[in-house]
Amino acid sequence: MLLRRHHHHRLFRLRLLLLHHHHHQFQSFSTLTIPLSHPTYIIWSSNTSLGKTLVSTGLSSSFLLSPSSSSKKFLYLKPLQTGFPSDSDSRFLFQKLSSLSLSRNLPLFSSHSVLLSSLPAAKSFKPNEFSLNESREMCELGFYEEKKVLEAGRVAPELVSETIYAWEGALSPHFAAEREGGAVEDSELVKRLETRLKEGLLEGGVERGKLDGFCVVETAGGVASPGPSGTLQCDLYRPLRFPGVLVGDGRLGGISGTISAYESLKLRGYDVVAIVIEDHGLINEIPLKSYLRSRVPVFVLPPIPQDPSNDLMEWFDESCNVFNSLKDIMLEAYLERMRRLNEMPRKAGDVFWWPFTQHKLVPPSTVTVIDSRCGENFSVYKVQNKEYITQQFDACASWWTQGPDATLQSSQLQMVSNAGLTHGAPLNRWFQTELARDMGYAAARFGHVMFPENVYEPALECAELLLDGVGKGWATRVYFSDNGSTAIEIALKMAFRKFSSDHGILPELLKNNPTESCTELMVLALKGSYHGDTLGAMEAQAPSSFTGFLQQPWGIYLIIGLHDCKVTFRIFLVPYDVWIKNVNIAHLLTLQEGSEPHGNRFELDALKKYTGRGLFLDPPTVFMHNGKWTVSLPEVFHSATLKPEDTTFRSRDEIFLKSRDESNLAGLYSLYVSQQLSQYSTLSETNKQIGALIMEPIIQGAGGMHMVDPLFQRMLVNECRHCRIPVIFDEVFTGFWRLGVESAAELLGCVPDIACFGKLMTGGIIPLAATMATDAIFDSFTGDSKLKALLHGHSYSAHAMGCTAAAKSIKWFKDPNTNLNITSEKSQKMMLRELWDAELVQQFSSHPSISRVVTLGTLFALELQADESDAGYASLYARSLVQMLREDGIYTRPLGNVIYVMCGPCTSPKMCTLQLLKLYTKLEEFTLVKTKMNII
């Protein structure tokens, strides 16, 4: 009873929160669901007045007006119509198809409607109803008409022809909307179009699998003509990503315009299944086919009569074969797409080897089929009674790489416009498209060129931006590589060289005296850290799920051999499973050295399991629980001298205050680190020395989204500086606004000698990494011999496409004109505004199913309360909750019993709040299920 009371109390508070946030504000972020039970195509044109509506009419005729077309339904949607009511494409199609059915003596039930219009258009169309209305909003026109051409005993096919929004002026939609009022937000238009798609065909009894339904959405003007908000239509409709037919230009100069329109669509990820042009006697189809290399069929329509009195009946009859062929191509493309979508889960399980995935736990039914991405959303294919494409918010930021929001919302853009910052730019900025365009330019200009001893603009611009951004004030050199793990390997080489040079170890190594023992360099690192998957990076990590013998199965054998009365020592690196299977050691030597030993005796002297090459400290962590931020201290730091204010904070910001450096806890941290380092100093008896400090600043990502006490990390850096130990910051995850600032070093209050960046650096579109260093690090590699240089590199180092994307992303994220989350007050350092609702975060932290909450920058993470045996990376405790979230439009992938939601630096706080509300709702359901299971 008590549990139920608490549950109802939490639901009551959640409802209050929903009311507080005015839930209608989130309607523009609602998930799109596009039916795939029938073909839906979008009709594009390379320019206005090229015959889009004629093509739509011809397709409807081909689909509906044949002896076998009974019970079929064709939906024609015209989202944007200008010049209304004197010009109406939906009325033209309605009237022409009705006339064609009469002329061909075929039954047809057709309807025509206009849903909304501007006030001037409404007054012109229905002057008596709207004469006194002065609204600047779109008017509910509600016009409907129908015609019936019936045949006894036969079911008539059906045409539904609709205009959604109409304006009176024969202008571009954005200009008409500006002059007449009736502004329409992109999200509203797309959502209404989705609704009409669902209602227009599905409610009419179209049966799944029989291809009894067909839909076309006809655009207004050309591919890049603006919609009512100013967004180009090729961007406006991108969340829907309908396959398309492009109506090209058969006139003089039309080849160029058609190719440009085609390339604009392909750049944005659209599929174009066919191109249609009118025959003007210039055989434009020949160069078009040559350019397209038969990838896309080109259809040629007969010349269109120019006499206005011509009813076009003969023209449609003459064009019948072209439209039939076009329709067949479109149906074949639809069926092929559906076949691929349905087969992909099974094929993926047969041929892929997914990373970080136990394949036995992933049946085909749980494989997510991603059709495309738009902004922060996956477009995911699903089958639940009907086939459809739906959206899932990418709450993993695709392994922490993603940065852009889909678009600047019009409400946000109005704020920018009011501040005089748009300078006439389009109302929506599509970062994904801009990245694709700039990368295409780099690929066309440079392809790939090798990097050493060379310079080219993308690499130079990227390096300069890095030094002026994340490296500002400390870094002077940029070393490019291809991913985070290799950036870490490079950083370790840099740090160890610097340490060896500073501590006199380098001359000792150069002597290469085999009789002298050499110093073994180690790292100082934190337990729970993760620095990559390559073997060198793994050695810099404490034993964990990622570095145990199952992942790095190597043991070191010391084999003693007796031969001709001489004792020889050989060390072999061998697989651990060889040892556990008791393979004969003599045979092992044969495998290693290629010769069969005779009369030798070998003994296994020692086996060394993986321990890592480092001193790994257990870090104090910070989290929110029951509304309070708390430092969780390992036992070694427990002390009677500590006060409650040393470990408990009213706000997260207090944790980062530099005034904590004078606290008792700071003294404990420093003393502990100093004592640990003294064991590996030059004065100690061991030949091991700490040659580098490596750590993820503030947040340990793969280790469970733990926030490490910044005071502890600051003391680590201070003590290493005192011992002249180079400091490496692994910012592959934390860099580029991931934690609310461009570099996590800003939060930490100290700078490294070396830092590694990747992931968000390119906006999440292509791999690239950078290792940045000081002049002092660089100088330790300079000399007269090439052998002293850093002999490390990758074939695609500083590739032009990656550097171009990185330069674009770095500038985009820190520009208040393109990232409205940036605080641009000159009196403050540049950072992101708070993205996660404070009340909701507190509500999560008090939930009985949650043991801790961490929120910072673009990250919200929670750890589910689970038994120790069911916690950690391998835990499946959260599996059912993850499935619930995916069904509700949030794609998340847990770290064991840790669930996190990650957005991009440009994501609006409203979008973040929506994800948290969904998460909280599903957490309640998950808790109830778990509670019932425990009771049973």
Side-chain angles (χ1 to χ4, degrees), residues 450-454 459-460 462-463 465-467 469-471 474-502 505-506 509 521-525 529-541 612-614 690-697 701 720 725-736 743-745 751-762 766-783 786-799 802-803 806:
M450 70 182 303
F451 185 50
E453 302 180 52
N454 296 327
L460 183 59
C462 182
L465 286 167
L466 288 168
L467 293 173
V470 291
W474 67 271
T476 59
R477 298 284 174 169
V478 177
Y479 199 102
F480 288 108
S481 58
D482 54 1
N483 63 65
S485 186
T486 55
I488 293 295
E489 301 259 1
I490 294 161
L492 291 170
K493 288 185 176 183
M494 291 177 176
F496 287 157
R497 172 70 68 85
K498 174 61 174 169
F499 181 87
S500 300
S501 178
D502 287 351
I505 300 172
L506 198 57
L509 294 173
L521 297 182
M522 305 165 59
V523 298
L524 174 62
S529 61
Y530 178 83
H531 301 296
D533 306 321
T534 53
L535 294 180
M538 291 173 74
E539 288 286 302
Q541 299 165 202
R613 295 174 184 261
I690 301 296
L693 165 65
I694 181 170
M695 63 182 185
E696 299 162 275
C720 287
I725 296 173
V727 176
I728 303 170
F729 283 1
D730 178 354
E731 289 218 54
V732 173
F733 165 52
T734 62
F736 297 106
S743 166
V751 297
D753 301 296
I754 305 166
C756 303
F757 295 91
K759 294 190 182 293
L760 255 176
M761 188 166 80
T762 63
I766 193 169
L768 185 73
T771 304
M772 304 179 66
T774 63
D775 261 338
I777 299 293
F778 177 77
D779 289 343
S780 64
F781 286 85
T782 59
K786 187 174 182 178
L787 297 179
K788 195 181 179 184
L790 180 48
L791 303 181
H792 191 114
H794 304 276
S795 300
Y796 289 91
S797 290
H799 56 91
C803 289

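Checking side-chain atoms of Glu696 against main-chain N and O of Tyr530 turns up a donor-acceptor pair under 3.5 Å. Of the possible donor and acceptor atoms, one in the side chain of Ser500 sits under 3.5 Å from a partner among the backbone N and O of Phe496. A donor-acceptor pair under 3.5 Å links the side-chain atoms of Thr486 to the main chain of Asn483, judged by distance alone. Looking at Lys788, its side chain does come within 3.5 Å of a backbone N or O of Thr782 through a donor-acceptor pair. The backbone N or O of Ile777 lies less than 3.5 Å from no partner atom in the side chain of Asp775, so there is not a single donor-acceptor pair.
Taking OG1 of Thr734 as the start and NZ of Lys759 as the end, the distance is 11.0 Å to the nearest 0.5 Å. With rounding to the nearest 0.5 angstrom, the NE2 atom of His531 is 10.5 Å from the OG atom of Ser485. To the nearest 0.5 Å, the span separating CD1 on Ile754 from CE on Met494 amounts to 6.5 Å. Atoms CZ and OG1, from Phe757 and Thr771 in turn, are 9.5 Å apart once rounded to the nearest 0.5 Å. Taking CH2 of Trp474 as the reference point, atom CE of Met772 lies at 5.5 Å (rounded to 0.5 Å). To the nearest 0.5 Å, the span separating NE2 on His799 from SG on Cys803 amounts to 7.0 Å.
More than 12 heavy atoms of other shown residues, nucleotides or ligands fall within 6.0 angstrom of atom CZ in Phe781.
The shortest non-hydrogen separation linking Phe729 to Ala745 is CE2-CB, 4.0 Å. Closest heavy-atom contact between Val478 and Ala770: CG1-CB, 4.1 Å. Here the shortest heavy-atom pairing between Ile488 and Ile694 reads CG2-CD1, 3.9 Å. Across every non-hydrogen atom of Phe480 and Ser797, the tightest pair is O-OG, 3.9 Å. Pairing each heavy atom of Ile728 with each of Ala495, the nearest pair is CD1-CB, 3.8 Å. Nearest approach of Ala769 to Ala487, heavy atoms of both residues: CB-CB, 4.0 Å.
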Inset, instruction - Take Val523 and Gln541 through the side-chain contact (heavy atoms from CB on, under 4.5 Å) test and state the conclusion after the steps. - result: CA-CA 9 Å; Val523 298; Gln541 299 165 202; over 6 Å; no
Inset, instruction - Report the C-alpha distance between Glu731 and Ser743 in whole Å, list the side-chain angles of each, state the deciding distance to 0.1 Å, and finish with yes or no for side-chain hydrogen bond (donor to acceptor under 3.5 Å, both in side chains). - result: CA-CA 8 Å; Glu731 289 218 54; Ser743 166; 2.6 Å; yes
Legend entry - Check against side-chain contact (heavy atoms from CB on, under 4.5 Å), His792 and Tyr479: CA-CA 10 Å; His792 191 114; Tyr479 199 102; 3.8 Å; yes
Inset, instruction - Please lay out, stage by stage, how Phe499 and Ser780 fare under the test side-chain contact (heavy atoms from CB on, under 4.5 Å). - result: CA-CA 9 Å; Phe499 181 87; Ser780 64; over 6 Å; no
Inset, instruction - Applying side-chain contact (heavy atoms from CB on, under 4.5 Å), run through Val751 and Val727 and close with a yes or a no. - result: CA-CA 8 Å; Val751 297; Val727 176; over 6 Å; no
Legend entry - Thr774 vs Asp753, side-chain hydrogen bond (donor to acceptor under 3.5 Å, both in side chains): CA-CA, chis, key distance, verdict: CA-CA 6 Å; Thr774 63; Asp753 301 296; 4.8 Å; no
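With a 4.5 Å cut-off on side-chain heavy atoms, Ile490 and Leu790 count as touching. For the pair Met761/Leu466, a side-chain contact is recorded, criterion being any heavy-atom separation below 4.5 Å from C-beta on.
Looking at Glu489 and Thr534, their side chains do bring a donor and an acceptor atom within 3.5 Å of each other.
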